Student: 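Here it is, the structure in full.
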Amino acid sequence: LGPLEPAPGEHKLQYNYCLWFAKKGCHRTSITQVKATEQEYGKSLHIVGRCASVEQWWSLYCHLIKPTALKPYRELHLFKSGIKPMWEDPGNAKGGKWVIKLRKNKIDRAWETVCMAMLGEQFLVGPEICGVVLCTRFPEDLLSVWNRTATDQASTARIRDTLRRILNLPPNTPMEYKPHCDSLKKS
Amino acid sequence: GTRIIYDRAFLMNLKNSPLSR
């Protein structure tokens with residue numbers, strides 16, 4: 001992919017982003033052949049579009065169907081350019097993710113809100129954010145925010161608190177932090 | 001360097017700008 005620039009008059013984003021789509025579920029099926037599974041998962045990821053400005057983001061977003069219109073076990077990944085949305089990518093390998101389960105009636109708005117917070121640098125954790133992921137399931141969907149360094153407690157706490165605030169989550173909403181190395185060991 | 005920060009209201013305002021279509 002060639003370089004991407006904001007057009008004249010557009011509002012540049014702090015980072016360029018890539019939107020990916022995958023048909024697989026959040027959990028991988030193969031237990032024994034990690035490498036084969038990694039390749040298989042990589043192949044299931046398709047780039048939908050890219051954006052370097054707010055206007056390019058909306059132009060992309062307005063062409064997408066809403067998360068509630070997606071079938072179960074579909075994934076949307078909005079990641080910084082240069083980071084592939086896989087645990088094994090060097091940008092993610094030492095990182096982890098906050099995962100929130102959301103009812104279908106909340107997911108459209110929540111996905112839009114989390115994407116906007118990332119694009120607008122609302123998490124205030126410098127370069128720590130890698131991307132956000134939506135996994136459609138049944139009856140609830142999963143929304144996750146991936147960061148670079150699972151051991152960076154200040155950043156992970158700030159991401160959690162920002163998520164609670166922007167999504168207006170009740171204080172008792174379960175939120176789980178999963179380091180990717182644990183996910184890799186399990187698979 | 002300076003970070004480019006946009007809040008929700010600002011981003012929503014640009015959703016309907018002619019450049020966003």
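Here is how names work: the chains are called A, B, and so on, in the same order as the sequence lines, proteins then strands, and each is numbered from 1. Below, all heavy atoms of this structure are taken into account, side chains as well, without hydrogens, waters or symmetry copies. As the structure is a prediction and not an experimental result, all values here were calculated from the model.
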Student: Determine, step by step, whether A:L13 and B:Y6 satisfy the side-chain contact (heavy atoms from CB on, under 4.5 Å) criterion, reporting the C-alpha distance in whole Å, the side-chain angles of both residues, the deciding distance to 0.1 Å, and the verdict.
Tutor: CA-CA 9 Å; A:L13 296 167; B:Y6 299 123; 4.2 Å; yes
Student: Can you name the one residue among A:E55, A:H11, A:E10 that meets side-chain contact (heavy atoms from CB on, under 4.5 Å) with B:S17?
Tutor: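 The side-chain contact (heavy atoms from CB on, under 4.5 Å) with B:S17 is passed solely by A:E55 among A:E55, A:H11, A:E10.
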Student: Nearest heavy-atom pair of B:R3 and A:Q14: which atoms, and what distance?
Tutor: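 Taking every non-hydrogen atom into account, CA-OE1, 2.9 Å.
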Student: Using the rule that two of Ile, Leu, Val, Met, Phe, Trp, Tyr join whenever any of their side-chain heavy atoms come within less than 4.5 Å, decide whether A:V114 and B:M12 are in one cluster.
Tutor: yes
Student: Start with the C-alpha distance between A:M116 and B:K15, add both sets of side-chain angles, then the distance that settles side-chain contact (heavy atoms from CB on, under 4.5 Å), and finish with yes or no.
Tutor: CA-CA 11 Å; A:M116 281 198 288; B:K15 190 174 184 178; over 6 Å; no
Student: Counting only heavy atoms not in A:K106, do more than 12 sit closer than 6.0 Å to its NZ atom?
Tutor: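 It does not: A:K106 NZ has 12 such atoms or fewer within range.
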Student: A quick test of your reading: do over 12 heavy atoms of other residues, nucleotides or ligands sit less than 6.0 Å from NZ of A:K104?
Tutor: yes
Student: Between A:W58, A:Y61, A:W57, which residue shows the highest count of heavy-atom pairs closer than 4.5 Å to chain B?
Tutor: A:W58
Student: If you count heavy-atom pairs under 4.5 Å with chain B, which of A:T113, A:I166, A:L119 comes out on top?
Tutor: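 Option with the greatest count: A:T113.
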Student: Run B:R8 and A:Q122 through side-chain contact (heavy atoms from CB on, under 4.5 Å) and show every step you take.
Tutor: CA-CA 9 Å; B:R8 183 188 172 92; A:Q122 293 291 314; over 6 Å; no
Student: Is B:D7 in contact with chain A via its backbone, its side chain, both, or neither, using a 4.5 Å heavy-atom distance?
Tutor: both
Student: Go through the atoms of A:L124 and report whether side chain, backbone, both or neither lie under 4.5 Å from a heavy atom of chain B.
Tutor: side chain
Student: Yes or no on side-chain contact (heavy atoms from CB on, under 4.5 Å) for B:I4 and A:E121, after CA distance, side-chain angles and deciding distance?
Tutor: CA-CA 7 Å; B:I4 305 170; A:E121 291 290 314; 5.7 Å; no
Student: Could you state whether A:L78 and A:I65 fall into the same hydrophobic cluster, counting links through intermediate Ile, Leu, Val, Met, Phe, Trp or Tyr residues with side-chain heavy atoms under 4.5 angstrom apart?
Tutor: yes
